[in-house]
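None of these values were measured; they are calculated from a predicted model. Quick note on labels: first sequence line is chain A, next is B, and so on, each numbered from 1.
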Number of protein chains: 2
Amino acid sequence: MGTARRPGAYVCGVDAAMDVIGGKWKVVILWALGEGTRRFGALRRELPGVTEKVLTGQLRELEADGIVHREEYREVPPRVEYSLTARGVALNEALAPLGAWGKANVLNPSPAAGEVREDDHVPLVAGPA
Amino acid sequence: MGTARRPGAYVCGVDAAMDVIGGKWKVVILWALGEGTRRFGALRRELPGVTEKVLTGQLRELEADGIVHREEYREVPPRVEYSLTARGVALNEALAPLGAWGKANVLNPSPAAGEVREDDHVPLVAGPA
DNA sequence: CTGTATCCCACACGATACTG
DNA sequence: CAGTATCGTGTGGGATACAG
């Protein structure tokens, strides 16, 4: 088995959530989308080194989990916009404390890591649906 | 590449944290340890299906990341106790909202998922060090 | 522009056996 | 009891090419 424990044998809410955000690019996508709706290409440019196939895959999974909304405008050239669903927004907010922790304990492992100021990943909330 | 993006190229605090809790058993270990100090064997019994090798690996990584503390009592038979460090306790607390989200949106995807009561993984805080 | 279609591979995880 | 030592494996992710 790779990593996830999909079979529904979740021990607690956290590892259930981990299954949703476990992909390599998921949280970054979440973050980007948290700042507002994004087109496929824009998203790709924001993720350093992701390929189309993988980005598509991650987005499809997030969509299947009801985290992102995919709006397809059939025109030429084609245009597709991704945004967070209400559930995605909630997830993003639930991720904020973890982001603050990571910032304080991994990015800036300051000795007396106690206070965290700055923007700790509390997006502006966006996304229709 | 497997999954993590260790090279230090973190985009935000969240994916930095993901690197720490990304292992298949990490969050469950965190949870168990959040309830109190555990011996190796006890931990193994709490995780359904983990092997010694893997459990050891996960614990070693958490230890290297300063999340768990390993206390070795050299006696016969040998005894080793694992507990959360202060940083580990903080991480566990930062995980609480995510646990609540997972519970409400993955475990019990109730239609009008709005309120969450019960214990949403807010451990009793344990671990010396 | 937004994707499929293939092929490929590293690496986290697992099974089993053995040891201080 | 609490691990190492080996060997094997599935799969998430990457490279590249092509398509509507």
Atom-to-atom span, [atom1] of [X] to [atom2] of [N] - whole angstrom:
| X | N | atom1 | atom2 | value |
| --- | --- | --- | --- | --- |
| B:Leu55 | D:dC1 | CG | P | 14 Å |
| B:Arg38 | D:dA2 | CZ | P | 13 Å |
| B:Glu63 | D:dA2 | CD | P | 15 Å |
| B:Glu61 | D:dG3 | CD | P | 15 Å |
| B:Arg74 | C:dG20 | CZ | P | 13 Å |
| B:Lys24 | D:dT11 | NZ | P | 10 Å |
| B:Leu47 | C:dG14 | CG | C1' | 14 Å |

**OP:** Quick one: do A:Arg79 and A:Glu81 satisfy salt bridge (Lys or Arg N to Asp or Glu O under 4.0 Å)? Show the steps, please.
**Re:** CA-CA 7 Å; A:Arg79 178 166 57 108; A:Glu81 294 189 337; 3.1 Å; yes

Subject >> CG on A:Asn92 to CG on A:Leu33, rounded to 0.5 Å >> reply: 8.5 Å

**OP:** Go through the steps to decide whether A:Arg70 and A:Glu72 satisfy the test salt bridge (Lys or Arg N to Asp or Glu O under 4.0 Å), and finish with yes or no.
**Re:** CA-CA 6 Å; A:Arg70 179 175 185 275; A:Glu72 185 176 359; 3.2 Å; yes

Subject >> Counterpart residues, side chain to side chain donor-acceptor pair (under 3.5 Å), relative to A:Glu52 (two or more places apart) >> reply: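 Once residues adjacent in sequence are excluded, A:Glu52 has no partner under the side chain to side chain donor-acceptor pair (under 3.5 Å) criterion.
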
**OP:** Give the C-alpha distance, both sets of side-chain angles, the deciding distance and a yes or no for salt bridge (Lys or Arg N to Asp or Glu O under 4.0 Å) between A:Glu61 and A:Lys26.
**Re:** CA-CA 9 Å; A:Glu61 289 182 17; A:Lys26 299 269 182 80; 2.9 Å; yes

Original post:
Do B:Tyr82 and B:Arg38 have a side chain donor and acceptor closer than 3.5 Å?
Top reply: no

Original post:
Distance check: side-chain N/O of B:Gln58 vs OP1/OP2 of C:dA12, anything under 4.0 Å?
Top reply: no

For nucleotides 2-5 of chain C, give me every protein contact, N/O to N/O, under 3.5 Å, one pair per line with atom names.
residue	atom	partner	partner atom	Å
C:dT2	OP1	A:Arg39	NE	3.2
C:dT2	OP1	A:Arg39	NH2	3.3
C:dT2	OP2	A:Gly41	N	2.9
C:dG3	OP1	A:Arg70	NE	3.4
C:dG3	OP1	A:Arg70	NH2	2.2
C:dG3	OP2	A:Tyr82	OH	2.8
C:dT4	OP1	A:Arg60	NH2	2.6

